[in-house]
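I have placed the structure first, in the form of structure tokens, so that the comments after it can refer back to it.
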Amino acid sequence: MSRAEPRIAREASAPASASPGRKAGTGRFRLRRSFAAALSLAFAGLVSIAHAEAPARGGVLRFLVEHEPSTLVSIAHTAGPTQRVSPKVTEGLLTYDLDFKPKPSLATAWTVSPDGLVYTFKLREGVKWHDGRDFSADDVAYSIKLLKENHPRGRGTFASVTAVDTPDPQTAIIRLSKPAPYLLTALDASESPIVAKHIYEGTDPLTNKNASAPIGTGPFVFREWAKGSHIILERNPNYWDAGKPYLDRIVVRFIADQSARSAAFETGELDLAGGPPVPRSDLARVQALPNIGSETRGYEYNGNMTQLYFNFDTPQLKDKRVRLAIAHAIDLQKLLDVVYFGYGKIAPSPVGPDLKAFINPGIEPYGFDLKAANRLLDEAGYPRKADGTRFALRLYANPFNGKESGDFVKQALAKIGIPVDFQFFDFSTYIQKAYTGREFDLTLESLSNTFDPTPGIQRIFWSRNFKIGLPFSNASHYDNPQVDQLLEAAAVESDPQKRRQLWFTFQNVIFDDVAAVHLIAPQGVTLFSKKVKNHTLGVTGVNASFADVHIEK
């Protein structure tokens, strides 16, 4: 209509008798006709735009989750595959847009007391669990209790929670003993899901049947889990956000083989996946396919990282000189170039580059120095034997890092006389081996920083978070009283500058102690069929609910 308006204005300003012989009223008739025509064109344009922008209903989304999850609810898990699936069925109190601004989900409004000790949430009315029961504040209170007791990060996030009051079914009041300055950013479905009290009460949340056949409030209803093959989620016809979701079904596929994933995108068998889901060596070629798009946003909430952790119960690794020698043996630039094909950044601090407010710029890599590594091992009392070796170590790797990363570390340590028994497992086996069996000496992990260092990093180095069988916790059995003190102080410090300084000091202590070797912050890349719309609307990317996703007809 913006083009038509100037033309109408010019015609309206012309005198009716501008042309000789024009009949009386002709100008007014032509003006009315032009105005009517303009309105008609504008209306047609608006209809066309509305038709083009209206989300198409129906269709099946073929969504890749590279490794099969061990559970479908993230109440006690932070594993990537679980976080991909869980939010489609089980929701949180809030979601977050691409600027990290909180948005309503199960909570419609919230306030925080001036002292930071009371969080009040007004809950959405008329929400039903998939089994027909009413959602209420009791579910919120019970979920926070479970997260505090069982979630790898929730044990820190909700450590200060003393009570969750429920004065009525639509109000939940979280009371804290000490401030938790990160709490309002921790309430996404992927991080802090709200589960049904009537399903979990009186059971072990780690073995509850809901983990494999979840009942939630989300836009999709669980229908089937064919182990080793796929999960089927179907449209929730009673979803509280009327008209959504737009998809009829999501088929979640598992393809562990990386080359097979590339082929599946090339042949059009997959519609959407995060990661990158294909080998980085294939990424540029797959991105260039005419029907494939790519997106690097949507990874801010988790902040991808790759780390090498030590088992502090291994005798040789108790000696800091040995740990430092291992750090000096790894060429980080070569690791980035060869294994990650340049998709990422060298990240020598436990705080990754996405957490700009907390990263200590003074932390630099230990440096690639084989002479220093060999000297340190000699000084530690581990000279080379006749066959050139010193002692052997067993290495595991989270499969999200790929086998190539483990092979790289194995080759690097061989150069300083440490033969490595590298064992590479599927995801579920890795979780059991690393966090229950703890039969590793070194493990290449992929633990994200998340939205804040307290929930993201405290779990890894806090001595109180050593718990056999708890995934993505302090599996190293690292125990440093000074680190504990810094972590606990930072978790409750409400002054931003003081909190920042606590995290700076923590990074210095961890670095000096060689508590781990922090390697790379890989770049996240989502691949999608160009007909799939609204797949990345917030900082959780493909870990969101997909209520807004639709397939263009």
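Treat the numbers as computed from the prediction; the structure is a model and nothing was measured.
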For the residue pair [X] and [Y], establish whether any side-chain heavy-atom pair is separated by less than 4.5 Å.
X: F63; Y: R84; result: yes
X: P277; Y: F265; result: yes
X: V339; Y: I520; result: no
X: P348; Y: H518; result: no
X: Y343; Y: P522; result: no
X: P87; Y: T540; result: no

Taking [X] for its side chain and [Y] for its backbone only, find out whether a donor-acceptor pair lies under 3.5 Å.
X: S190; Y: N543; answer: no
X: Q423; Y: Y396; answer: no
X: Q507; Y: F358; answer: yes
X: N210; Y: I215; answer: yes
X: T185; Y: Y182; answer: yes
X: Q307; Y: L447; answer: yes
X: R499; Y: A490; answer: yes
X: S349; Y: I363; answer: no
X: R500; Y: A357; answer: yes
X: S405; Y: G402; answer: yes

Is the count of non-hydrogen atoms from other residues, nucleotides or ligands lying under 6.0 Å from [X] atom [atom1] greater than 12?
X: K498; atom1: NZ; value: no
X: K467; atom1: NZ; value: yes
X: K209; atom1: NZ; value: no
X: R464; atom1: CZ; value: no
X: K334; atom1: NZ; value: no
X: Q501; atom1: CD; value: yes
X: K178; atom1: NZ; value: no

Below 30° counts as parallel, above 60° as perpendicular, anything between as tilted: where do the rings of Y366 and F511 land? parallel
Practice task
For the residue pair F100 and Y96, categorise the inter-ring angle as parallel (less than 30°), tilted (30 to 60°) or perpendicular (more than 60°).
Solution key: tilted
I'd like to know if [X] and [Y] make a salt bridge, using a cut-off of under 4.0 Å between side-chain N and carboxylate O.
X: R153; Y: E191; result: yes
X: R62; Y: D271; result: yes
X: D257; Y: R261; result: no
X: R321; Y: D319; result: yes
X: D513; Y: R323; result: yes

Might you work through the salt bridge (Lys or Arg N to Asp or Glu O under 4.0 Å) test for K227 and E68, ending with a clear yes or no?
CA-CA 8 Å; K227 296 293 181 70; E68 185 166 12; 5.8 Å; no
Can a side-chain donor-acceptor contact be found between [Y] and [X] if the only test is distance below 3.5 angstrom?
X: R384; Y: N374; answer: yes
X: R394; Y: T314; answer: no
X: W503; Y: E493; answer: no
X: T443; Y: E445; answer: no
X: D369; Y: H328; answer: no
X: Y200; Y: S143; answer: no
X: D331; Y: Q333; answer: no
X: S74; Y: Q83; answer: no
X: Y299; Y: D354; answer: no

Roughly how far, to the nearest 0.5 Å, is [atom2] of [Y] from [atom1] of [X]?
X: Y382; Y: I416; atom1: OH; atom2: CD1; value: 13.0 Å
X: S476; Y: Y309; atom1: OG; atom2: OH; value: 7.0 Å
X: T450; Y: L355; atom1: OG1; atom2: CG; value: 7.0 Å
X: Q485; Y: L502; atom1: CD; atom2: CG; value: 9.5 Å
X: N360; Y: T505; atom1: CG; atom2: OG1; value: 8.0 Å

Provide the closest heavy-atom pair for [X] versus [Y] in the form atom of the first, atom of the second, distance.
X: G293; Y: K530; answer: N-CG, 3.8 Å
X: N302; Y: S448; answer: O-CB, 2.5 Å
X: D188; Y: Y301; answer: CB-OH, 3.5 Å
X: Y435; Y: P471; answer: CG-CA, 3.8 Å
X: F472; Y: I431; answer: CZ-CD1, 3.3 Å
X: A491; Y: Q458; answer: CB-OE1, 3.8 Å

Per side-chain contact (heavy atoms from CB on, under 4.5 Å), N465 is matched among L487, D484, L470 by L470
Next item on the list: May I have the step-by-step check of side chain to side chain donor-acceptor pair (under 3.5 Å) for E295 and T536, ending in yes or no?
Entry: CA-CA 8 Å; E295 174 63 79; T536 302; 5.2 Å; no
Near-ring test [Y]/[X], centroid separation under 6.0 angstrom:
X: F546; Y: F220; value: no
X: H535; Y: F528; value: yes
X: F400; Y: H67; value: yes

Report task. Check the pair T203 / N208 against side chain to side chain donor-acceptor pair (under 3.5 Å), numbers first and verdict last. Result -> CA-CA 6 Å; T203 73; N208 189 291; 2.7 Å; yes
- request: Test R438 against N311 for side chain to side chain donor-acceptor pair (under 3.5 Å), laying out the working first.
  value: CA-CA 8 Å; R438 293 188 67 249; N311 187 334; 3.0 Å; yes
Next item on the list: Go through the steps to decide whether F312 and H477 satisfy the test ring pair (Phe, Tyr, Trp, His ring centres under 6.0 Å), and finish with yes or no.
Entry: CA-CA 6 Å; F312 281 83; H477 201 183; 8.9 Å; no
Applied to residues 422-432, the salt bridge (charged side-chain N to carboxylate O under 4.0 Å, His left out) test, sequence neighbours excluded, yields none
